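Numbered from 1 within each chain, the chains take letters A, B, ... in sequence-line order. Model, not experiment: these values are computed from the prediction.
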There are 2 protein chains.
Amino acid sequence: MKTVYERADVVPLLAEIFRELGYEGTTLSRITERTGIGKGSLYHFFPGGKEEMAAAVLADVDGWFERAVYEPLRRDDAGAAIDAMWANVIDYFRSGGRICLVGAFALDETRQRFSPVIRDYFVRWIEALRQALVRAGCDEGAARAAAEEAVSGIQGALVLSRALDDKDMFRRTMDRLADRLAAAKLEG
Amino acid sequence: MKTVYERADVVPLLAEIFRELGYEGTTLSRITERTGIGKGSLYHFFPGGKEEMAAAVLADVDGWFERAVYEPLRRDDAGAAIDAMWANVIDYFRSGGRICLVGAFALDETRQRFSPVIRDYFVRWIEALRQALVRAGCDEGAARAAAEEAVSGIQGALVLSRALDDKDMFRRTMDRLADRLAAAKLEG
DNA sequence: GTCTATACAGTGATAGAC
DNA sequence: GTCTATCACTGTATAGAC
């Protein structure tokens, strides 16, 4: 049996591998080992090699958040969009069982390769959330701080729940962060 | 000119390199390149190779936090120890310019190598902070949650301030987390 | 304790058969 | 599009001279 892929099918597989092994830890042979896709095919899809693979994965992740989270935050009913954001975050990160690739890439020298993409992902998240809070009646300064706190808090929960191997800790933290956002809406 | 090292001198140098490059990104040749220490010397100090180097670095980091942060939190005046913790954290992590090696190792497969050390570092931090909060008059449940929130929040700020390349964001977040801890003391 | 030389498996990458 | 073979290079690790 022989499987024929398209580039779009390969990207999510690569995403899981980069998430688990990191940029440096991901090697072509480990990709082949886990997916069955040979070097020939990989270079056919990604002539730029590993760096192009990681860039494609980052673009894919970014696109998902843009559609599922940022755009609703900018356009839909603020309360509903924020509720949806928390549901999406818990689901996407599998209650802390899955890390944020963008956050992970920000920590080591990998950041230098993808610096603009990494920054943009977080800037747009914070800005979209800030806009939703303002629409919900929060004042400008409080909205900015609350948005930053939420996005930062998610990253922290991903690190800590993974270090403690405790998914409950992740869910607890998402609940607390959601409460804080709700409080910011009312107070602002 | 020839420099003669002791093992204890080498560990902090290795720590910076592991922090910048990650476990997989750190190679023996890059260590030599940055420190001038040859492979022969490295294997003399760390016969177990790279894994032993990383373990030594983790033990060193852990020891520093134990002495400078955890022990004061368990024994000294609660308010003073908590104030000292925030000062130490901002200083140690260079306002977000330096990452938490333990947190970084928790994110990818490196975690499997050092899982007990990683978990223990965070468990003891949270527990020591919880004890300080209880001594300050906070009730048990609130103290546990507040301690977890603070430690998690620090990790999040490290990721986000690095992604945004914004040290002010790190300091702002430390201020906010400190305020939240102070509020928890009073409310609890 | 440090250096040089070296072993050999694994790295990203390329070329050509099918 | 996928496979196999192969490239030059770098990875960790070891041994022995000094």
Can you name the residues that form a side chain to side chain donor-acceptor pair (under 3.5 Å) with B:Arg130, not counting sequence neighbours? B:Glu127, B:Glu140
To the nearest Å, give me how far apart CG (B:Leu21) and C1' (D:dT10) are. 15 Å
For atom CG of A:Asp9 and atom C1' of D:dG1, their distance in whole Å: 13 Å
Any side-chain heavy atom of A:Met85 within less than 4.5 Å of one from A:Trp125? yes
Under the side chain to side chain donor-acceptor pair (under 3.5 Å) test, which residues partner B:Glu71, sequence neighbours left out? none
Enumerate the residues from residues 40-50 of chain B whose closest heavy atom to DNA chain D is under 4.0 Å, giving them by residue number; use none for an empty result. B:Tyr43, B:Gly49, B:Lys50
Apply side chain to side chain donor-acceptor pair (under 3.5 Å) to A:Arg124 and list each qualifying residue two or more places apart in sequence or on a separate chain. A:Asp62, A:Glu66, A:Asp120
Only pairs under 3.5 Å count here: list side-chain donor-acceptor contacts from residues 47-61 of chain B, not counting sequence neighbours, and write none if there are none.
from    : atom 1 : to       : atom 2 : distance (Å)
B:Lys50 : NZ     : B:Tyr23  : O      : 2.8
B:Lys50 : NZ     : B:Thr26  : O      : 2.9
B:Glu51 : OE1    : B:Arg113 : NH1    : 2.8
B:Glu52 : OE1    : B:Gly48  : N      : 2.6
B:Glu52 : OE2    : B:Arg7   : NH1    : 3.3

Value in whole Å for how far the C1' atom of D:dG11 lies from NZ of B:Lys39: 8 Å
Rounded to whole angstrom units, what separation is found between the OH atom of A:Tyr23 and the P atom of C:dT11? 14 Å
Taking DNA chain D as the partner, which of residues 26-35 of chain B come within under 4.0 angstrom of it by heavy atom? B:Thr26, B:Thr27, B:Leu28, B:Ser29
Just list the side-chain donor-acceptor pairs under 3.5 Å for residues 91-104 of chain A, sequence neighbours left out, or say none.
from    : atom 1 : to       : atom 2 : distance (Å)
A:Tyr92 : OH     : A:Arg19  : NH1    : 3.4
A:Ser95 : OG     : A:Arg171 : NH1    : 2.9
A:Arg98 : NE     : A:Glu16  : OE2    : 3.1
A:Arg98 : NH1    : A:Tyr92  : O      : 2.9
A:Arg98 : NH2    : A:Glu16  : OE2    : 2.7

To the nearest Å, give me how far apart CD (A:Glu24) and C1' (C:dT11) are. 11 Å
With B:Gln155 via side chain to side chain donor-acceptor pair (under 3.5 Å) - residues at least two apart: none
For residues 35-42 of chain B, run the donor-acceptor check on the side chains, cut-off 3.5 Å, and write out each pair with its distance to 0.1 Å, sequence neighbours left out.
from    : atom 1 : to      : atom 2 : distance (Å)
B:Thr35 : OG1    : B:Ile31 : O      : 2.6
B:Thr35 : OG1    : B:Ile37 : N      : 3.1

